[in-house]
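Structure first, commentary second.
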Amino acid sequence: MVGFEARLAAESRPQWRESYLDYASLKRLIRDCWAALGATPQTTEGASPPTSTGGAATVVGPGGEAAKAAFQRKLDAEVLKVIAFYRGRLAELQQVVERATGAVHRLLTPHAGARSMQQAAALDRAAGVLQGAVQETTQLLHYIALNMTAIRKILKKYAKNVAGATQEPAPGFLALQVEHPDDPGWRVMQGTFLPARVAEDLQDMQQHVALRDAASRLQGLTAEVAEARASLLERASQRIPSLEEPPAGMVEQVEAMREAEEEAARHAALVHAMPWAERAAGMFEPPPPDAYAVATFGGLLINNLSTLLFMCNYTAVLPPTDALCVHIGVPSSYTGLIMAASDFAALFASVGISFWTQRSFREPLLFSAAMCLAGNLLFVLSYERRSLALLLLARLLNGLGSARVANRRYTADYVSRAKRTMASAAFVGASNLGMALGPLLSLPLAYLPEAELAGIPVNPITAVGFVMALLWLAFLAAAAVWFTDPPARTPIGLARSSLVTQSGAAASSSPATATGSLAGLHQPLLPARSSTLDSAGMQAAAEEAGRGLQLQDGASQASPHKSLKGAAAWRATLPGTVLCTLALFVQKMVQQSYMDSLPVITEVLYAWRATQKGLFLGLVSLAMVPVNAAVGAASALLSDRSMVLASLALSGLCSAALVWSAASPVLFFGAGVLLFVGTVVLEGTATSLMSKCIWRGFAQGVLNAGLLSTEAGTLGRFAGNALLALAGRLTGLEDGSQLAAFCAILYATLAASCAALLVHMVCIYGRVKG
């Protein structure tokens with residue numbers, strides 16, 4: 001079997017030889033990594049990187065780190081070189097196609113008095129002009145395929161031969177993720193020091209929409225020439241031998257261009273640019289083409305405010321809930337039941353709103369704000385009426401106001417590649433800020449004097465509901481006035497292909513069916529689709545677009561390396577998907593159980609007031625911001641799966657330590673803070689790992705990976721709250737002995753859940769890539 005280095009040398013265009021990825025130099029730098037250890041690199045090609053140090057070199061010491069840094073710098077430089085050359089050649093090719101279009105149309109324009117032989121000569125000249133442009137387009141498509149393959153193979157070789165080579169995207173930088181053509185579950189992530197903005201240029205080359213546009217236009221022009229030749233041959237009064245056969249090599253050249261387009265699409269689909277912030281936000285969908293990136297600053301601001309207010313509302317009621325339970329006349333253990341009501345409603349609201357966003361974003365945003373407004377007013381009323389039923393109804397309405405799935409989808413579906421990283425970071429920041437501000441709200445409200453408003457008491461407990469109701473009312477008015485629905489959603493695949501179709505149609509306004517050997521040349525490289533769809537035809541068009549993308553992204557049926565079919569791809573990615581979903585579930589269950597138990601435990605043991613509870617929860621939440629930054633920095637050195645394993649172990653150990661937390665304040669607060677750190681790390685790394693493990697069919701659509709992660713987290717919060725309520729009901733919370741039993745049941749269950757998932761992960765660790 002010929003090695004790729006020899007294949008690259010043989011298939012590269014001689015005039016462009018210096019502009020291809022320097023695969024040979026990068027291989028030598030991999031050998032340098034081995035030389036730093038005194039080992040010998042592997043030479044055989046494998047289907048997957050090692051899951052442990054195995055046969056790979058463990059590069060240690062300053063010499064090894066220097067060799068790895070040299071490889072990284074060279075890789076970065078080569079990627080930039082390839083992108084720059086592609087952009088330059090594409091600009092030149094577009095000019096060539098424009099000139100060819102004008103020349104062909106002039107040659108095809110009938111001239112009065114022109115003889116048949118003269119017209120035939122003009123058609124021959126038009127065919128010659130097109131042949132040159134077709135050859136240039138084919139060469140540039142080959143350039144994409146070869147360089148994408150080179151990037152994939154060199155990263156595969158690096159990951160296989162240098163232990164610890166696989167890296168996560170670091171904040172502010174770009175990472176490259178590559179897949180294996182025959183193994184859908186195989187992925188390698190390599191961090192770079194390329195700025196995140198390079199992702200747009202690399203994705204332009206990967207998707208090569210402009211180049212496909214040029215190829216489609218050339219194919220349409222070729223069909224016009226073929227039709228004109230056939231028409232002239234029918235009308236001619238004398239025999240014209242040059243028209244009886246197509247121009248030499250034209251059929252083969254057009255077919256070669258078609259095959260080059262398929263090859264480029266196939267290989268480019270295996271290389272992905274991965275900005276860090278998108279994965280932190282749980283956005284797995286590909287960004288839309290620029291023509292469909294219609295998100296506005298106001299729209300992003302409204303959606304981020306919705307996320308911030310919901311998270312703030314969710315946590316703001318936690319500090320005073322214990323006192324509210326006492327006022328109503330129910331045990332403090334009902335805190336879990338009260339909080340769980342919101343999560344129960346959010347489970348259904350997330351699915352419903354996800355479907356609703358297919359038609360509108362404005363309507364679900366207004367609906368969620370109205371539900372939260374009503375929920376907070378009922379929260380206040382429940383205090384005045386001393387009604388548990390009203391309080392549970394209030395929390396159910398707050399859960400129905402969960403529009404986070406809509407907020408995330410607005411950013412994912414309507415923000416361009418160039419701005420998506422910044423928008424994703426803003427989404428994550430809004431969520432974290434809201435989670436921290438909620439508990440801190442109790443601090444200023446604690447100093448409010450007792451008063452009445454329309455016969456309803458105003459105090460530190462009811463003030464939480466009043467303040468949140470006012471904030472939601474202001475948000476509702478702002479969203480109603482300033483938020484405008486984006487245009488009717490166009491599926492991402494349909495959007496991309498319609499760009500090609502529009503340009504191709506412009507170049508060939510009157511498609512005709514060619515005859516003879518050129519029959520079929522009028523067909524576009526991708527199936528033609530209307531660029532404007534009514535709502536009735538949207539679903540059918542989306543399904544057609546999905547089928548087209550499957551043909552484009554997957555391996556060609558004629559390819560010597562056939563990709564696995566959908567069922568096999570699903571089976572290959574299923575273990576990692578299930579693991580990440582369970583990890584997000586357990587993470588939220590553990591985190592929410594600790595947060596909800598803290599007001600109860602501190603009330604009984606330390607007589608903490610709502611202000612103290614809110615201050616502690618708020619400060620812990622704010623402290624997680626640098627923890628998230630540290631996770632981003634550590635991800636450049638450690639794999640996702642290793643950090644998931646470590647954070648899951650930390651969460652389990654801290655849960656086990658908290659079993660005896662009623663006996664020691666140091667144990668309760670120390671292990672609790674470490675538990676919070678473990679769950680925050682687990683959430684970020686599990687979300688990132690899911691982006692690598694998830695089946696490509698779950699990358700977009702209504703029931704996508706983003707919704708899956710949202711539902712897993714919401715269900716985890718519900719389970720944590722329900723567990724707290726059950727433990728409180730079984731033990732009671734009247735004195736220290738009952739509290740000790742409560743802690744034992746609650747945290748032993750959480751520790752057992754972490755341990756079970758930890759055992760499961762160890763068993764499938766080698767099957768999870770990332």
Side-chain angles (χ1 to χ4, degrees), residues 48-54 163-164 166 168 185-187 189 570-594 597 631 634-635 638-661 667 671-672 674-695 705 708-709 711-724 726-727 743-770:
S48 63
T51 57
S52 60
T53 55
T166 301
E168 277 292 301
W186 186 96
R187 288 176 174 84
M189 176 78 75
W570 167 253
R571 286 193 297 271
T573 57
L574 184 60
T577 304
V578 171
L579 172 66
C580 294
T581 304
L582 290 175
L584 291 171
F585 169 82
V586 169
Q587 175 264 331
K588 286 298 182 185
M589 180 176 70
V590 172
Q591 187 182 76
Q592 196 64 40
S593 293
Y594 178 75
S597 68
V631 171
S635 65
L638 302 171
S639 66
D640 272 344
R641 60 179 182 171
S642 65
M643 287 197 289
V644 168
L645 189 68
S647 58
L648 187 58
L650 177 61
S651 300
L653 289 173
C654 291
S655 297
L658 286 168
V659 169
W660 298 277
S661 60
L667 185 62
L674 288 177
L675 177 69
F676 217 87
V677 171
T679 56
V680 168
V681 175
L682 180 58
E683 180 179 18
T685 53
T687 303
S688 180
L689 184 60
M690 178 180 279
S691 72
K692 306 169 193 175
C693 297
I694 197 73
W695 180 46
L708 179 64
S709 61
E711 290 291 272
T714 303
L715 187 59
R717 282 194 296 267
F718 174 78
N721 287 317
L723 178 61
L724 184 142
L726 178 61
C743 291
I745 292 176
L746 176 64
Y747 291 113
T749 304
L750 297 177
S753 301
C754 292
L757 184 57
L758 195 62
V759 171
H760 172 67
M761 184 174 184
V762 169
C763 292
I764 67 167
Y765 190 79
R767 298 168 63 189
V768 180
K769 311 300 180 184

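Keep in mind that what you see is a predicted model, and the values were worked out from it rather than measured. Note that the numbering runs from 1 along the sequence shown for the chain.
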Is there a side-chain contact between K588 and T714, using heavy atoms and a 4.5 Å cut-off?
-> no
CG of L667 to SG of C654, rounded to nearest 0.5 Å, is 9.5 Å
Could you point out which residue of S597, S655, S661 forms a side chain to side chain donor-acceptor pair (under 3.5 Å) with Y747?
-> S597
Hey, could you give me the CD/OG1 distance between Q592 and T679, rounded to the nearest 0.5 Å?
-> 10.5 Å
When rounded to the nearest 0.5 angstrom, what distance separates CG in L724 from CD1 in I745?
-> 11.5 Å
Heavy-atom pair of closest approach, residues G652 and A751 = O-CB, 3.9 Å
Report the C-alpha distance between L658 and L746 in whole Å, list the side-chain angles of each, state the deciding distance to 0.1 Å, and finish with yes or no for side-chain contact (heavy atoms from CB on, under 4.5 Å).
-> CA-CA 9 Å; L658 286 168; L746 176 64; over 6 Å; no
Closest non-hydrogen contact found for G678 with S651 is C-OG, 3.5 Å
State, to 0.1 Å, how close L584 and A686 come at their nearest heavy-atom pair, and which atoms those are.
-> CD2-CB, 4.0 Å
So do the side chains of L757 and L579 get within less than 4.5 Å of each other, counting heavy atoms only?
-> yes
Criterion side-chain contact (heavy atoms from CB on, under 4.5 Å) on V680 and Q591, from CA distance to verdict | CA-CA 8 Å; V680 168; Q591 187 182 76; 3.9 Å; yes
Report yes if some heavy atom in the side chain of S753 is under 4.5 Å from a heavy atom in the side chain of V590; otherwise report no.
-> no
In this structure, CG of L715 is separated from CZ of R717 (nearest 0.5 Å) by 10.0 Å
Sub-4.5 Å side-chain heavy-atom contact between L682 and L650 | no
Do the rings of F676 and Y594 sit parallel, tilted or perpendicular, given the 30° and 60° boundaries?
-> perpendicular
Would you check if P575 and Y765 make a side-chain contact, meaning some heavy-atom pair closer than 4.5 Å?
-> no
From CZ (R641) to CE (M643), nearest 0.5 Å = 12.5 Å
